[in-house]
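Note that these values count all heavy atoms, side chains included, but never hydrogens, waters or copies made by symmetry.
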Amino acid sequence: MLKGKTALVTGSTSGIGLGIARALADAGADIVLSGLASDEEAKALKQGLADEFGVRVGFSGANLTDPDAIEGMMGYVARDFGGADILINNAGVQHVSPIENFPVARWDLIIALNLSAAFHTTRLAITGMKEKGWGRIINTASAHALVASPYKSAYVAAKHGIAGLTKTVALEGAEHGVLCNAICPGYVYTPLVEGQVADTAKARGISEEEVKRDVLLAAQPTKDFVTVEQIGDFAVFLCSPAGASMNGAILAMDGGWTSQ
Ligand code: NAD
């Protein structure tokens, strides 16, 4: 379905980004991976995806907190792949601290990576999309684009910012065939979370099931993690003809968390 399209997925060396990259590759898109990885890791990821799905795969190790590095990455995608038809702004990090102690450098990093990077990739990709009359921009936001939690000031501010950016880009691109939406996952079952479950179970002397249900998923009514495969399939849907009327939507995928 996406044969002939190129998807740039930021932060796709692991977790949600890799899940989205795999789903788009499975749908036939060529993929440009991005993230912080060693040369060996990047080579293995590229080769693995190309072998499994028979698509062309590139990689950028750009540090996305640096606008010049983002310009370099977008130049590479334009030169080697003819530009991104699908742009997934996914790279992000978290820091948890009361605001009075929140390290200023952490605030700056989270705003740069979780919010400003999406501004830079979008401003540099959208002209090519408009010229082709087709483009899909999907921002990985979070349930924290819709509601807050204490001690996550930078993350919640950046994710609410991403929601605003999504709506603005949706309005600017609509007449040119360029659509922009945000997916807002609740807790996602990544290897990172898997490790946390085992550690917490040990520390509290409770079962892994109790950790999942009563600690991590306390706010998620289904008491079930969102999976990277579900998010990947949702991204493919947004790029498909069936998704062509979705634009500027801030799409909760959180088991009911933000319905409370
Ligand atoms: P992850 O840690 O598995 O992946 C993060 C990716 O970002 C990696 O590829 C990493 O290399 C890359 N990255 C980190 N710093 C970078 C930098 N400075 N420059 C370039 N790349 C950088 O995380 P994840 O859980 O898959 O999260 C991905 C996105 O999903 C984030 O935006 C996060 O806020 C969002 N999200 C995650 C969850 C969850 O429960 N895991 C829930 C909601 C939203």
Open item on the list: Any heavy-atom pair between the side chains of Val32 and Met73 that's under 4.5 Å?
Closed with: no
Open item on the list: Looking at every heavy atom in both Ala163 and Ile250, which two are closest together, and how far apart are they?
Closed with: O-CD1, 3.7 Å
Open item on the list: Rounded to the nearest 0.5 Å, what separates atom CD1 in Ile16 from atom CD1 in Ile88?
Closed with: 12.0 Å
TODO: In sequence, state the C-alpha distance, the side-chain angles, and the governing distance for Asn139 and Cys180, and then conclude on side-chain contact (heavy atoms from CB on, under 4.5 Å).
DONE: CA-CA 8 Å; Asn139 298 320; Cys180 182; 3.7 Å; yes
TODO: Please say whether more than 12 non-hydrogen atoms of neighbouring residues, nucleotides or ligands are located less than 6.0 Å from CZ in Arg204.
DONE: no
Open item on the list: Do Val226 and Val193 land in one hydrophobic cluster if side-chain heavy atoms of ILVMFWY residues count as linked below 4.5 Å?
Closed with: no
Task: 4.5 Å side-chain heavy-atom contact, Met246 and Leu179 - done: no
Open item on the list: Side-chain heavy atoms nearer than 4.5 Å, only ILVMFWY residues, links allowed to pass through others: does that put Leu8 and Ile86 together?
Closed with: no
Open item on the list: For a quick test of reading the model, state the closest non-hydrogen atom pair linking Pro67 to His120 and the distance between them.
Closed with: CG-NE2, 3.7 Å
Check: residues 18-31 side-chain donor-acceptor pairs under 3.5 Å, at least two apart:
| unit_1 | atom_1 | unit_2 | atom_2 | d |
| --- | --- | --- | --- | --- |
| Arg22 | NH1 | Glu52 | OE1 | 2.9 |
| Arg22 | NH2 | Glu52 | OE2 | 2.9 |
| Asp30 | OD1 | Arg56 | N | 2.9 |

Task: Phe102: ring-ring contact (aromatic ring centres under 6.0 Å, His included) partners, not counting sequence neighbours - done: His95
- [ ] Would you confirm whether Asn181, through its side chain, and Gly248, through its main-chain N or O, come within 3.5 Å as a donor-acceptor pair?
- [x] yes
Task: Donor-acceptor under 3.5 Å (Thr65 side chain, Ala112 main chain) - done: no
Task: Distance-only side-chain donor-acceptor flag, Ser97 / Asn101, under 3.5 Å - done: no
Open item on the list: A side-chain contact here means heavy atoms from C-beta on lying under 4.5 Å apart; do Gln260 and Val147 qualify?
Closed with: no
Open item on the list: Measuring only between side-chain heavy atoms, which start at C-beta, is Leu115 closer than 4.5 Å to Phe119?
Closed with: no
Task: Identified side-chain contact (heavy atoms from CB on, under 4.5 Å) partner of Leu87 from the options Ile126, Val169, Thr121 - done: Thr121
Open item on the list: I'd like to know if Leu2 and Phe81 are part of one continuous hydrophobic network [Ile/Leu/Val/Met/Phe/Trp/Tyr, side-chain heavy atoms within less than 4.5 Å].
Closed with: no
Open item on the list: With clusters defined by side-chain heavy atoms of hydrophobic residues (ILVMFWY) lying less than 4.5 Å apart, directly or transitively, does Trp107 cluster with Val156?
Closed with: no
- [ ] Could you tell me the separation between the OG1 atom of Thr122 and the CG atom of Leu165, rounded to the nearest 0.5 Å?
- [x] 5.5 Å
- [ ] Find out if a path of hydrophobic residues (ILVMFWY) with successive side-chain heavy-atom gaps under 4.5 Å connects Val228 to Val57.
- [x] yes
Open item on the list: Could you tell me if the side chain of Ser34 sits less than 4.5 Å from the side chain of Leu64, heavy atoms only?
Closed with: yes
- [ ] Assess whether side-chain contact (heavy atoms from CB on, under 4.5 Å) is satisfied between Leu33 and Thr13, documenting all intermediate values.
- [x] CA-CA 7 Å; Leu33 297 167; Thr13 55; 5.7 Å; no
Open item on the list: Quick check on Lys130: does its NZ atom have over 12 non-hydrogen neighbours (other residues, nucleotides or ligands) under 6.0 Å away?
Closed with: yes
Open item on the list: When you compare the side chain of Lys132 with that of Asp85, does any pair of heavy atoms fall below 4.5 Å?
Closed with: yes
Task: side-chain contact (heavy atoms from CB on, under 4.5 Å) between Asn114 and Lys159, worked out - done: CA-CA 7 Å; Asn114 296 20; Lys159 294 298 186 182; 4.3 Å; yes
TODO: Please name the pair of heavy atoms, one in Met253 and one in Gln230, separated by the smallest distance, quoted to 0.1 Å.
DONE: CE-O, 3.3 Å
Open item on the list: Surrounding CD1 of Ile206 (heavy atoms of other residues, nucleotides or ligands, distance under 6.0 Å), is the total greater than 12?
Closed with: yes
- [ ] Starting at CD1 of Ile183, measure out to CG of Asp254 and round the result to the nearest 0.5 Å.
- [x] 12.5 Å
TODO: Output the distance between atom OG (Ser38) and atom NZ (Lys43), rounded to the nearest 0.5 Å.
DONE: 11.5 Å
TODO: Please tell me if the side chains of Val93 and Ile110 come closer than 4.5 Å, counting only heavy atoms from C-beta onward.
DONE: yes
Open item on the list: To check you understand the geometry: which heavy-atom pair defines the closest contact between Asn247 and Val178, and what is its length?
Closed with: OD1-O, 4.4 Å
Task: Lys/Arg N to Asp/Glu carboxylate O, Lys223 vs Glu209, below 4.0 Å - done: no
- [ ] Would you give the length of the straight line joining atom CD1 of Ile231 to atom CD of Glu229, rounded to the nearest 0.5 angstrom?
- [x] 9.5 Å
Task: Side-chain donor/acceptor of Gln220 to backbone N/O of Tyr187, under 3.5 Å - done: yes
Task: ring-ring contact (aromatic ring centres under 6.0 Å, His included) partners of residues 193-228, not counting sequence neighbours, each pair once - done: Tyr189-Phe225
Task: Closest non-hydrogen atom pair, Met1 against Val236 - done: CE-CG1, 3.5 Å
Task: Nearest heavy-atom neighbours spanning Gly58 and Tyr76 - done: CA-OH, 3.2 Å
Task: Nearest-0.5 Å distance that lies between atom CG in Leu216 and atom CD in Glu208 - done: 10.5 Å
Task: Backbone of Leu45 reached by a side-chain donor or acceptor of Glu41 within 3.5 Å - done: no
Open item on the list: So for atom CZ, which belongs to Phe237, do other residues, nucleotides or ligands contribute more than 12 heavy atoms lying within a distance under 6.0 Å?
Closed with: yes
TODO: Any chance you could lay out the side-chain contact (heavy atoms from CB on, under 4.5 Å) test for Trp257 and His144, step after step, and finish with the verdict?
DONE: CA-CA 10 Å; Trp257 177 351; His144 284 118; 3.9 Å; yes
TODO: With the side chain counted from C-beta on, respond yes when Thr140 and Ile138 share a heavy-atom pair under 4.5 Å apart, and no when they do not.
DONE: no
